[in-house]
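As structure tokens, the structure follows; a few thoughts come after it.
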Amino acid sequence: MIDVRTAVNAANNYLLSIQDIIGNLQDMRLEEVELSEDRKYWLITLGFDIPAKAQSTLEMFNSSQKYEQKYKLFKVNSATGEVEAMKIREV
């Protein structure tokens, strides 16, 4: 079985590998770690900030960038270290 550090690294690397799809990630952080009851999966929640979408034309030209917090839940196979799923983690 892989250790928690290996599981977190797998989730982090997976997220970074698809960053071009998600957008510019800022302030990535580990939020939660849990081993499933059957011990088959590490459930890893990573948090990060992404630039918020402008709500008005005025906000589009505002020089101070606003950010939204986002969370992703990763299901990492505890035997292989492979990321098997990524889901939106609601707060």
Of all residues at least two apart in sequence or in a different chain, which pass the side-chain contact (heavy atoms from CB on, under 4.5 Å) check with Glu32?
Thr45, Arg89
With Asp20 via salt bridge (charged side-chain N to carboxylate O under 4.0 Å, His left out) - residues at least two apart:
none
Applying side-chain contact (heavy atoms from CB on, under 4.5 Å), name anything that partners Met28, two or more places apart in sequence or on another chain.
Asn12, Leu15, Leu16, Leu25, Phe48
Can you list the residues that meet the side chain to side chain donor-acceptor pair (under 3.5 Å) rule with Asn9, with sequence neighbours excluded?
none
Residues in salt bridge (charged side-chain N to carboxylate O under 4.0 Å, His left out) contact with Glu68, at least two apart in sequence or another chain
Lys70
Results of side-chain contact (heavy atoms from CB on, under 4.5 Å) for Leu30 - residues two or more places apart only
Val8, Val33, Ile44, Leu46
Summary of salt bridge (charged side-chain N to carboxylate O under 4.0 Å, His left out) pairs that have at least one residue in residues 73-83, sequence neighbours excluded
none
Checking Trp42 side chain against Ala11 main chain: does a donor-acceptor pair fall under 3.5 Å?
no
Looking only at heavy atoms, what is the nearest atom pair of Ala10 and Val76, with distance?
CB-CG1, 4.3 Å
Taken in chain and number order and not counting sequence neighbours, the residues that satisfy side-chain contact (heavy atoms from CB on, under 4.5 Å) with Ile88 are Lys72, Glu90
By side chain to side chain donor-acceptor pair (under 3.5 Å) - contacts of Asn13 (at least two apart)
none
Kindly indicate, with the supporting measurements, whether the criterion side-chain hydrogen bond (donor to acceptor under 3.5 Å, both in side chains) is fulfilled by Gln69 and Tyr71.
CA-CA 7 Å; Gln69 290 182 332; Tyr71 302 92; 3.2 Å; yes
Sequence neighbours left out, what passes salt bridge (charged side-chain N to carboxylate O under 4.0 Å, His left out) with Glu34? Give chain and number order.
none
Could you pull out all residues at least two apart from Gln19 that satisfy side chain to side chain donor-acceptor pair (under 3.5 Å)?
none
Side-chain heavy atoms under 4.5 Å apart, restricted to Ile/Leu/Val/Met/Phe/Trp/Tyr: what other residues fall into the cluster of Leu43, or is it alone?
Tyr41, Leu73
